[in-house]
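A note on names: the letters A, B, ... follow the listed sequences, proteins ahead of strands, and every chain is numbered from 1. Values below: all heavy atoms of this structure, side chains included; hydrogens, waters and symmetry mates excluded.
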Amino acid sequence: MSDDMDEIWDLFADDGAQALDAMEAALLALQDGSAPDPSAEIGALFRAVHTFKGNARVLGLSTVENRAHLSEDLIGLVRDEGVALTADILDVLLLSCDTLRTMLEETAATRADVEPGPSETLTARLRDVIAQSTQPDGAGVPGSAPAKVAAIADALAALDTADDAAAPDADPAPAPAAPDETAAPAAALDAENAPPRLIDDPTYCEIFEDMARDTIARLADMCATDGPDMAGAAGRAADKLSYAARQMGLADWQAHIDPFVAKARGAGGVNADHIADLAAGLERLLAVGIGKGAAPVSEPEPDGSARGAAQTAVPEDWNDLPTDPVAACQPEPAPAPAPAEPAAPPAPKRMQDPAFVEIFDGMVTDTIARLGKLVEDADPETPARAARLADQLSYAAGQMGLETWQARLDPFVAQARAGDGDIPAAIQALRVDLGELKATWLRGSDALGTRDSADPAGECAGTGTDPVAAFPNSVPAKDSVPPVPTAVADDRGTAQMPGDMGHGAAPPTAARDTAGFLFEMQAFYPRISEIGLHYHDPNGQPEAKAQDDLCDGLAALAAAYGYVALDAAADTLRAARDAVSYRAAELGLFEALARIERVLPSVPGTDVMLPSRLLETWCADSVYDTLVQLRDTLDALKHADDRAARFADFERQMWLVHHACNHFRMETAAQLSMALLDLFSRVMVGNVAPDAMLLRIARGYVETLELVFDALEQGDTPDLANIDALFEAASTACFTSSGVVSARSIETRLNLPESFHRVLSPDSVRAAQAGIEDRMTFYIVRADLNRDQTKAEAFLDWLGLGRVRMITNVTVFTGDDVLFDFLLASRLDTTEIVEALAMIDPGGRDLELVQTLVSTLAEPPDPAVDHPEAPGTEPPLSSASIASTIEMIEMIGEMAAGQAMVQHMLSALSGRDLLLEMEMALRESGLDLPDPQVWRVLRDRVEDYGDRLVQVADAEAQLSEQVSWLQEAGVALRSRSAQALLQSLAAFVETRSRAMGREARLSSEGGELAMDQTILEEMRTHMRALLTMRLSDANPPTRYHVAIMREDDGVIITLEDNGGPLPDDQVVDEIAQDLALRSGSLRVSEPPTGGMRFHLMLPLNMMVLDGMIVRVADVSYVIPLDAIQGIQMCGRRDILNVSAEGHARMLRVSEAEHIPIHDLQGARRAHAADPRDPDERLYVIVRSAARHVALPVDELLGQQKVLLRPLRGVLSRMRGLTGIVLLAGGDVGMVLSVSRLEAA
Amino acid sequence: MAHKYNVMIVDDAAMMRLYVSSFIQSLPDFKVVAQASNGQDALDKLETTPEVDLILLDIEMPVMDGLEFLRHAKLKTRAKICMLSSVTVQGSPHAAKARELGADGIVAKPSGTVSHDLEEKSGDELASVMRSLVAA
């Protein structure tokens, strides 16, 4: 390898320059708008940077790779995520291009990474632009992309880490060892050990050919221009090509060029004729082909003689030479033994992939045509060639799962190889049968031997024309197509020739009427759903006839379109006569339809319900069951003997979860399911049990998803942080001989210090695992590589000797010094390591053995078993934890009330003048005051006590503040965005309406509000009930709009739709009763513009409220401070009776304004009617909706922050109240709902 | 001489092809019989070089990318196909997609470090994966 390093660096420079040229050209074309196809230009731009990045990575140029990677990410956002290509992005990419070019020049010259510092500005700009582009509401980012762009943003953070980690690598990077040029000739003597010849390498041939053509062109130019230094320039050009020819081992080229070079250098020089001769000779050599004119040679001996000649045989027949000079350089491959057939891969779904189907279709066409040509040009090789063609198609059929094709092809292969019988006739028969198979395939049947009279293969076989040419347009015999059951089909005309991918059937064709099929299917979905609901209804079973009719309809449609898988699914559905089997059959049907949808050439408009969406919805509805099964399967995979069968279960369950995740647009979770499936697939190929680490990730995945789906079910926003963490774990997992290993397991096994956490790359993990398995000892060596260059190089050389294995290194900052901690593995013991370091650094100033780590071979404990929740991760709130937070907050509320009481008492105590009280008491008792000296002593003590009491009161006040903060924090913990509720309602409407064969949308406003999750949960329940009622209506709305508003003491949610009038429905009454029990309300109205409007109100609760506490009679009320407009004392003269009964009274608050009085104790305590009322009374003026109301109170007790709690039991029937609170001293206060106060 | 398995390298980066081919030539049991700069090129070369045992395949390429080539190759050759991933993420979406399409193996593209051990660090894995694939 080291011999090739020079070439690799040269190629790095050449490739890099080309890539950057391409990058610049693309950017400029995009900038000035001259790019004919911008998307193609962006694709080329991406590949250019991608290539550059990959090359830098190969050479360990971390800083260069990092900058290129950032640029690639930014371009990736434009290419893949729909981010608009702005002038800003173009500018920063052009800057990046210039910077990378500078870096390329520097690294190509120094063969070491660049300093990161000078390009930090570029890095910062790139990150800024990426960050702007990845804003969820950024201008350039479509709404569908945030998950991916967020992933890129996450990756940026990872790049930061990688950048930092790479820094120590970059700084001390020594140039790779120079190739040992003297060693090459010696090695060439031994044919067995001869280094690979460049002439055998097509890349070199390509490069050399380019060089030769370039030289010829330049020589021609020289002749034409006849410049003053023509001879010198020609000599130099020729010498360069001669050198290249020598490197390539092309003696014939050298023999032609070297005399010219010698002459050019000589006294006589060369003239234009000489140059023209040289060019003509080079042309001839090129025409012959590189390496074909004469035997190539190896590196010449020092004396100039060539060795190793005649290693490439000259073909006997030059006409047989490949015309492609590159191909000519390729050695004839040695026949390889037939490799063993691979273990059956985990069921690739190639038949579901339209690209595979199309490729196979093309292969069939091609094979039939080639077989026909073989018959026409029959020669002795015909049987072997036909066998190869048939064998290849048989292999492809096997890959596609088409066993019947193989059954037909394999006997022919055997016959042709043996040369038995009439091979041309057998070939013709095979062509006919292949045509038959394809025609059958088109009809959706895999049975062989049911030839159709219209069989194009038979027809073509007789006429000698290509039998497959007719296939794409062939139509089954009309009488074989059952009548299409709907008017849509009539409009469509003749049923087209679809196939069924699920049974190895027909390829997609452009002529297929895809929209027709999907439209027709829509009519079945409500019936499918309805029958399923009957099965789940304990009081009712579906009518067998209805189910049979449904399946008959499906079967007819399947026959009309030739979808055999749909026909089979219909049969299964027909046979399902209980809830469980029907549900399973429903899944099978949706899967079959989704497969059909995938192979349809185009997706119709958005108005058509897509089966894939139904499948996702089905999977989402059943995800809990699937996760339970998945958990069992994981357990079984570890122990089961029938691992293959269990893995099949696993694969299926993972796909179902994948669909469910897609239903909720959780891209990372969906990808994680596929990533895990991929990891398990690799393990299962070896038929071994998945190891603990893999199982742990998978179990974590299952547990996290249970919590995520639980949160979604609750209308809550799921916490996906753990999904991201698991995805990272799955991503950094790597395979070793002992199974899957992760960075974390290495950290645990080696008990690595914190500084080495999260820095191990997969390569490092693999190296560390190998060290552990080899029972090596691990060391951390701290090195100062900046102080003494000689020592640094010696240390790095020592690392390269092989006695220690470097796992990774991290940067350590100590004061002004930048040091590196190297993690090493070695069989050397501690003493030997210390000695080795002492040899390099006798003074011990720059190298220090910091730590010796003894590894353990034992698996780290399985946290999934020992600690169900992975450490360091916060699971989303489950139902149980929600309940516990309520208890916790209520407890804090009680603490706050207690604190308020204590504070009140302490305040009262500290305000007392005990000396005065004692003096008064003595005087009242007729006792003499104590002696002044005694009194002074007493006064000192009492004053001291009073001071301490004040200190305690101050401390208590501080504690009260903290408890209040804790209370508010606890409430905030339960606070959730209303957006989660609105999103779930929108999804609910969409999926339910589709399941019923309808299309409806829900828009919303108020998602920015935050409120207690209990309120959101109550709302969700009521809204889903209302929506279900409206969706089930005979004339269901197609548009819904939900608005959430928050008032002082309640939450208002309004649902409007465009449906018909509300029939008498029990649902509305039930909701109204339920809301009333919670001091809420439901109002239903018919807006003049049509449709229905539902107005739900729920009182606020579980919130911290600033309230004024007032007493009326013996009841304490809390009035929200926000609602209080004023407090004033009024007399009888200010009261105005406005009704004959004297119940309606007004309070004059000014000369011009009277406001209604609302008596909190009811009319019986009305001012005028109650003789106990004093002349003067306190009134609290509150704002209720748009008006003011006066509340007569007996006493103002003070202000307090209180925790609002819902009304329960008999209290829930009280009107005009929002909730209750716990007051200082333990009393219960009623919180007034000022918006619902009734005027007296 | 021991039998050598035939390898095709498909990568649009000439340097990467050279790097990988140089490494493979240092292995006693493999030899590079074809190189291609994109999927279409590789398909063409498969026609003239049918006896390929193993294909090392890049993903991001012009003309025809690795995933598209993979579909063709799964049907047109018995060669084992190993994806060369530019990211060191075995569980990446690309890897999952490649796996779904039938890739036999996935290995990270090599990456060098300051410690001169290009072969040691990245070659071991590549060689190990290559041997396990052809032995399967």
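- Interatomic distance, A:H50 NE2 to B:I59 CD1, rounded to the nearest 0.5 Å: 8.0 Å.
- To the nearest 0.5 Å, atoms OG1 (A:T51) and CE (B:M61) are separated by 10.5 Å.
- Between the NZ atom in B:K74 and the OH atom in A:Y395 there is a gap of 5.0 Å [rounded to 0.5 Å].
- In this structure, A:F360 CZ and B:H72 NE2 are separated by 14.0 Å, a value rounded to the nearest 0.5 Å.
- Looking only at side-chain heavy atoms (C-beta outward), A:I359 and B:K76 come within less than 4.5 Å of each other.
- Proximity to chain B (any heavy atom under 4.5 Å) is shown, for A:F52, by neither the backbone nor the side chain.
- Looking at A:N55, the atoms closer than 4.5 Å to chain B (heavy atoms on both sides) sit in the backbone and in the side chain alike.
- For a residue to count as touching a neighbouring chain, one of its non-hydrogen atoms must lie under 4.5 Å from one of that chain's; by this rule B:T77 touches chain A with the backbone only.
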Item to check | Stepwise salt bridge (charged side-chain N to carboxylate O under 4.0 Å, His left out) test for B:R78 and A:D391 | outcome: CA-CA 11 Å; B:R78 287 176 167 83; A:D391 187 41; 3.1 Å; yes

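- Separation of atoms CD (A:E72) and CD (B:E60) is listed at 7.0 Å; rounding is to 0.5 Å.
- Residue A:D15 comes nearest to B:A13 through the heavy atom pair OD2-C, 3.9 Å, listed as atom of the first residue, atom of the second, then distance.
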